Amino acid sequence: METGNVLHLLSAYLFCLGLLALLLRRNTLIMLMGIELMLNAVNLSFVTFSRELNQLNGQLQVFFVITLAAAESAIGLSILVNIYRNFGSIKTDRTTSLRG
Amino acid sequence: MSFQDLFPVDSLSVLQWQAMFPLLVLGAASVLGLLVSPIPRAGRAFAFASVSGGALLSLIGLSFMSFQDPVSVLDGVLYFDRSSQVFSFVILAVTLGCCLLSVGFDKREHLVAELYPLMGFSAVGMIGLVSSRHLMMLFISLELMSLAVYVLVSMQRRSAEAAEAGLKYFLLGGAASSVFLFGVTLLYGTTGTLELSALAQSAQGLWQGQVPLLFALGLCLIAVGFLFKVGAFPFHSWVPDVYTGASTPVTGFMISGVKLAAVGLMLRLGAEIFALPGLLESHGALSQVLSVVTALTLIVGSLLGLVQNNVKRMLAYSTIAHTGYLLLGFMALTVGGQAAAADAIASYSVIYAVMNLGCFAVLTLVNPEGHDDLMLKDLAGLGRSRPVLAFALSVFLLSMAGIPPTAGFFGKYYLFLSAVSSGHIALTVLAALASVVSAAFYIKPLVVMYMDQPQDGVSAPSPRWFGAGLVVAITLVLTVVLGMLPAWVSHLL
Amino acid sequence: MNSLLTYIALLPLATAVLILLLPSALTSISKALALFASALVGVLSLYLWLHFDPQHALAFAVKAPWLPALGINFELAADGLNLPLVLLTGLLTPLAILGFWNHFPEDLKAQKHWAALLLLMESGALGTFLSQDLVLFYASWELILVPAYLLIGIYGGEQRRAATLQFFFYTFAGSLFMLVGIASLFYLQTAAGAEPSSSFVALQKLKIAFDGEGLASLASAQGLLFLAFGAAFFVKAPLLPLHAWLPATYRQAPGIVTLYLAAILSKMGTYGILKVLIPLCPQAVQAYSPVLMGLAALGIVYGALLAIVQTDLKSLIAYSSLSHVSYVLLGLFSLTEGGMGGALIQMLNHGIIIAGLFFVASILEQRRGSLLLKDFGGWSQATPVLAVCFFILTLGAVALPGTNGFVGEFMILVASFKASVGATVLAGLGVILGAVYMLQLYQKTMFGPLKEGDKPSDASFLEASFLTLLVAAVIGIGVAPQSFLERSQEAVHAVRSRFAEPTSAAWNTHSDQAVVSKGV
Amino acid sequence: MTTSTLSVLPLWILLLPLFGFLFNALAYPLAAGGTSKTHPGVAGSVASLFMGASFVLALLGYGKILGGADALHQPLYDWIHFGELKFSLALHLDPLSSMMTLIITGIGSLIHIYSIAYMSHEKGVSRFFAYLNLFCFAMLFLVLSDSLLGVFFGWEGVGLCSYLLISYWYSDEANVQAARKAFLANRVGDLGFVLAMALIYTQMGTLSFAELIAGVSGAAVAPWLFGAAALLFFAATGKSAQLPLYVWLPDAMAGPTPVSALIHAATMVTAGVYLFVRMHVFFELAPALMSFVAWIGVVTALLGGTIALVQTDIKKLLAYSTVSQLGFMFIAVGVGAYQTAMFHLMTHAFFKALLFLGAGSVIHACDGEQDMRKMGGLAKALPWTHLFMLVGSAAIAGLPVFSGFFSKDEILYMTLAQGRGNFLLFGLACVAAFLTALYAIRLLTLTFWGPSHFKGHPHESPLLMTGPLFVLAVLATFGGFLGIPHEWAHDAHQLSLWLSPVVAVTGGHEAALSEALVSGFAVLISVIGLGLGYAIFRKNPDLKVLGLEKLWAAKYYLDEIYQAVLVRPLHALGALVERGLEQGFMFRLGDWMGTGVQWSGDRLRAIQNGDLQAFTLLLVTGLVLVLGILWTWAHI
């Protein structure tokens, strides 16, 4: 397996890890990390593809993704603070008042 | 060192500047709004003035442009054509409407003044979403739109529901967009380009009959992305909770604005990639999946809407049902190969936006003080206490149900037309049944408003906000006039 | 292209909107405005009736592009088929408003609603009858749904909630299937390479495939179309199994709305069959006509049987209306020229008679305050005018020769005898049962001893004038129906020629079911 | 086809009663301000005037036809002309219908005059005379029209008028029920008529008598002919009160007596016979049916006669006697002696009207009392009525010289002479004749002779009532001379001469007994009957005939049978359908669908539990499913 495929597998693997974090952990902070992990997995796959296609374009997109990930985590944390103030905890098992 | 060699960018032609005018004006206005909003006392008014002024200006500018031959900036990153003009026009109108809508309501509900600039930023993201052919630009605009809306949703500091809605929308939205992004990388990897038309050519070149697995995988992941945003079946769970949690003008903004942009994205991707000949037809499995998704969206939307007694949650499910109808058009466009379906989707989404905006304008005026939700029984006796509002709400609801004199009927008929022409008779019949069931809960408010006596509890003094009243009037006239003269809203593209 | 028909169809709609927009000070004139507008439409429809020459297929045609891209245009025309019904609607509405003048609710706002919603219904009915474009037909068909729903829902009897919901869903579900039908017609046109247009003339040129035997034929194109359009029309008419909404709705609706539902709106269903269903799926209707005639005949007996055991006035008349409409359906499904002509004039006759009966019922209800038969008796001495008019209307309902009921009944019986003997004999039984319950109704209210202390006041001038006009129509059409029939001769002949050799019944007395030879 | 001269006479004969109706129904009440203020004298005389004028015109018509014109024809208008359905109405006065018009207008006028006095103490009588005139108009329309459809117009018109007149005193529930029973029984018959018309029109394409008879005369015996004839006979039993559908006639006595005289004796009930005679060529083509008709006739005659024997109400007795006499007419029609049937129809009209009006004057005298057991010994108090009743009874019993003798004996003779007649039929007819004599004498003994049980003091009826009685008595006595049998005098049978152009005499063969012998035998029977009856009824009114009288008194339990077989099951079925199908299933159909959808909505609601993890799980499973499908698809 040349490195390209290994790296693809690695990025897919990281992506699934992030998704699993989102699924299994109830702590919103960990879920936030999960999303960040998924975004970084995407960066990795971008880089590997651009290396395979030996174009610079792929790597260029990584910067956009990074900035967006940053913006996203900023907003995510502020929502987290808001949840803590209202629910007194950041566990998602509390946040089920909207239902039906 | 001149500017040129510091930033060696090739200057844009006048036409390109002209095309980007709405984006720029609205962006600048939103930034200005952001700057002025912390001013004590007058901050709110200034923010509203700047954002709505910007929106109005770009609206007028846009209406003077004509995009017979599309204008592309940075070869495809921004691509302005007839469909982007139509969608941007409606998006700007909706944003303007929502700003007008919130005047007065935000003061009473103590929403921060940044409400308007955030709507402005989200609108910029939407316009970017509908007028770009570059996958990464699509992703960025999608994120810009969503981030602004995440904040809008969780804006009411003291309400737990808003916080919870914000959290749900943020986490699920984040997951969905990363899945979308992963799809983008796969497409990039297999075709080597991110620009849609180039991608389509090289994709066709790639396979002579056999669609490469990675490409199909990428397509599925992208499909998940926009299906989430549109609220289709497996990815719809967030819709009711977020729409109920958010405050009414924000929900109005999401229901008409965000949904519209998502449909624009779906239409763009559908027309450019999914409708590629040989793609979905050959992929029997994928088209089956799509029809199952459509069917289930219809069923969930209409059935669950029936059992609600919270008006906003009921309307949330009704949008899911409408997504079902739109997916029906999408199926006709992609699987059925009906080019006319694109036009049906466009006109249906425009009518849909008008109906829902009007509906939420009325709900804002009727929403009880504080953040407790508007229940069906709160509407009792509205027919007598506020006859005009009751009449307006009835017209909007009947239009959603598709009763003829209103625009909703024509939209539904046009969609059914393209769906049947593409051979999906069974799905159309299911859509007909779903609209009967959804008619059941559309007339529930009618029954309550006209046939029940208002309960003895003191009904909140109904606010006289000029902005919301104006929006109700305009949307009401539009719904009825478009119903009578549908020629204006057909064949937009 | 004179715009007589546009005025007829849209004047009520315009006045309705005007009434809704009336400032609160002027709401008192809403009733008068409604009367004036409908009277004007009545005069116009009379003018249309007099100046219609049967040779000219589509008279007074009005055609304006509505949605050219999809081939939909605002096309109205008077032809032999819709002329009697336009006249019925045009004349009956002002008379009904006149007759019900002091049956309107007292409070002005309610009067405003009644007047506006009634005019909306009239516009819907006229639009349906006059439109020559399928989408316009559908739009006006749906237009009557909301006003009827609101009128019954807000101003109906006690259990109006369940009745209105049933009424809404039966009609709405039916019409939605019609919408799918119309959409598939558009598809069939494009598939056949024709330029899509939803006007009846173009649609009738379409060759729709019909093959397969028995139930399998339902799956063919024409079979599916038959089901789609049938769903809407059979619910509205109503044909037997789809009539569940009728008794409750007629009983709970306020007087004038029941009159409108029974006299005019149910005719939209039967007219739809004659104008849309038979011309568009001739082979399908011909293949299923024995089953349909059986259902119609069963409907006659079913309605009559139920009417006999009813205890209150309105449901008795409601079931009698079901029985009479099934009669019209029997004529339509006989697919003979005489049968369809008889059905067309019977639509007019039934409209007149049932309007009279429901009007009398609401007079009785207003005077006595109850609808139960046992609360009445011996009114003939106290209210002679009402008694005489009610008696002549009863004779019309019983189809006594010399009244208009007999004209249609006789034509349908003779014509459908050729198509299917069994159905005709069953229909005959229905007529006898009809006499049973109609006489029972008349005698329980008008004959017998007057209950002590019961001094009902006779029909007022307005009520009496409405009744005398109806009675004049009953006897007039009964004695000289030819002037009504000759106008629709050409149109019915055209519909009849849509399909090949009729179901030539190889006749012999012993086989009760006539041998139906497959018309190719 | 006989040549017919165009003339407006039949139209005027028809329209005069209609004008009478309009006057009494609309003009006079409006002028007088409500029916209650109308004076019987005025209303009655105007009505009688119109009837008299119509009678005069009928005489004129008779004169014209006598003077050589075969028939007077007056086309009215095209009633319906649509597609394959063409119906038009026309009037046709030929010897047969002229005879009927004479009977209708003649006896009608007499009865109108009689009613002026009879109804003098009623208030609001213009309504009564309006209905009487309307009835005559309808009956004239029936006999004058030239097509089955026209007959049907008259057929139902008379049914309507009989309903209106029976329920004239509608404040009494019993009259109303009787009227409804009459109307419904007629409607059942009329359904047969309509189906027959539909059948005939489907086969022949026309309903006019002339074309029908021309078209059918050559044709072979087709099965549909039997069907049509059977249906028409079924209709005739309804109208002329024969076996299955006769139950309404006795109850129809609830109406005023002149009504019974005019409608339920002289005219309406004879419509069935007239129809058979009018279309006799058509019916001859269904011989099997005609013998069945004869048998129905004789059974009805016997049935009517036996029940009449035990009746206590004077009008009910006469009603059953009418049923019996109609039975005789149907025997004549059944065996094919159409002219004899018309002859008996005429004579029966005379003496039965006489008997009914006589009974009326008795009732009038005993101010409303109708039970014969409470009368008796009235001969002295009512000399004239007694005399006229004597004449009437003699005529009905068939004593020589009186009209009944000639017509009834001719029927008895015809049961032997005609092809389809036989000895058994003759024998039973004689028994019926014997019964006739019995109940005739029963009426006389109970009301006029014997001890007087009547408390009040009866007074003779005024001239206005006895006058018409006198005329009828004359007709009843000398009416028979119109039909003196052939053997007795050269072309003596004026009536058959008169009718022969329209009603051909069917082939009679040499009977076993000569006509003179038969009539002698008949006279013997009636004399014995009268004597025996007088002997029995003088002692006590209740007849004891080995227990049969209970069966007869209960009218062979026919009413109960109809109630059990028809009426009650109908209501039960209706109630069952109402409860079971309509309320149980149909009305709740909507609710079931509603709750069904509601239930599934609630089930679906469970997956929307608001938990974030659940949402993501749904999202991920959706994704995984799609990818799985893609994977399997790529690798198959």
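This one's a predicted model, so the numbers in the text were calculated from it and none came from an experiment. Quick note on labels: first sequence line is chain A, next is B, and so on, each numbered from 1.
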Closest contact, heavy atoms only, [X] versus [Y]:
X        : Y        : result
C/Pro449 : D/Glu173 : CD-OE1, 3.9 Å
D/Glu84  : C/Ala415 : OE2-CB, 4.1 Å
C/Gly341 : D/Phe82  : CA-CE2, 3.3 Å
D/Leu195 : C/Val425 : CD1-CG2, 4.2 Å
D/Leu85  : C/Gly338 : CD1-CA, 3.6 Å
D/Phe183 : C/Ala435 : CE2-CB, 4.4 Å

Output the distance between atom [atom1] ([X]) and atom [atom2] ([Y]), rounded to the nearest 0.5 Å.
X        : Y        : atom1 : atom2 : result
D/Tyr163 : C/Leu395 : OH    : CG    : 9.0 Å
C/Ile432 : D/Leu566 : CD1   : CG    : 10.0 Å
C/Leu429 : D/Leu191 : CG    : CG    : 6.5 Å
C/Leu439 : D/Gln177 : CG    : CD    : 10.0 Å

Is chain C contacted by the side chain of [X], its backbone, both, or neither, given a heavy-atom distance below 4.5 Å?
X        : value
D/Leu149 : side chain
D/Leu207 : side chain
D/Leu231 : neither
D/Phe226 : neither
D/Leu184 : side chain

Q) Does the side chain to side chain contact (heavy atoms under 4.5 Å, CB included) test come out yes or no for C/Tyr442 and D/Val176, once each step is laid out? A) CA-CA 11 Å; C/Tyr442 187 78; D/Val176 172; over 6 Å; no

(Q) Tell me every residue that passes side-chain hydrogen bond (donor to acceptor under 3.5 Å, both in side chains) with D/Asp190, counting only those two or more places apart in sequence or in another chain. (A) D/Trp155

Contact class of [X] relative to chain D, heavy atoms under 4.5 angstrom:
X        : result
C/Val388 : neither
C/Val309 : side chain
C/Phe484 : neither
C/Leu433 : side chain
C/Pro384 : neither

Q | Residues of residues 164-172 of chain C contacting chain D, heavy-atom criterion under 4.5 Å, by residue number | A | C/Gln166, C/Tyr170

[X] side chain to [Y] main-chain N or O, any donor-acceptor pair under 3.5 Å?
X        : Y        : value
D/Trp79  : C/Gly478 : yes
D/Arg187 : C/Val431 : no
C/Gln489 : D/Gly83  : yes
C/Gln482 : D/His81  : yes

Q. Hey, which of D/Trp169, D/Phe87, D/Tyr201 has the most heavy atom pairs under 4.5 Å with chain C?
A. D/Phe87

Q: Find the one option among D/Leu89, D/Leu573, D/Asn175 whose heavy-atom pairs under 4.5 Å with chain C are most numerous.
A: D/Leu573

(Q) Using the rule given for side chain to side chain contact (heavy atoms under 4.5 Å, CB included), can you reason through C/Met411 versus D/Ile80, listing the C-alpha separation, both sets of side-chain angles and the distance that settles it, and then say yes or no? (A) CA-CA 9 Å; C/Met411 283 173 75; D/Ile80 287 180; 3.5 Å; yes

Q: Step through the shown structure and confirm whether more than 12 heavy atoms of other residues, nucleotides or ligands are within 6.0 Å of NZ on D/Lys123.
A: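 No, NZ of D/Lys123 has 12 or fewer neighbouring heavy atoms, counting only those of other groups under 6.0 Å.
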
Q. Which residue out of C/Val479, C/Val407, C/Leu413, C/Thr424 racks up the most heavy-atom pairs below 4.5 Å with chain D?
A.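 Ranked by contacts with chain D, first place is C/Val479.
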
Q | For chain D, the option from C/Ala307, C/Pro241, C/Ser416, C/Gly428 that forms the most heavy-atom pairs under 4.5 Å | A | C/Gly428

Q: With side chain to side chain donor-acceptor pair (under 3.5 Å) as the test, would you mind laying out the steps for C/Gln310 and D/Glu578 before giving the verdict?
A: CA-CA 8 Å; C/Gln310 293 306 321; D/Glu578 165 78 7; 2.7 Å; yes

Do [X] and [Y] make a side-chain contact, defined as non-hydrogen atoms from C-beta onward lying under 4.5 Å apart?
X        : Y        : answer
C/Phe447 : D/Asp172 : no
D/Arg180 : C/Val436 : yes
D/Ser171 : C/Leu450 : no

Q) Are C/Phe410 and D/Phe153 an aromatic pair by the rule of ring centers under 6.0 Å? A) no

Q: Verify side chain to side chain contact (heavy atoms under 4.5 Å, CB included) between D/Tyr170 and C/Gln443, making sure each step is shown before the conclusion.
A: CA-CA 9 Å; D/Tyr170 52 74; C/Gln443 283 172 215; over 6 Å; no

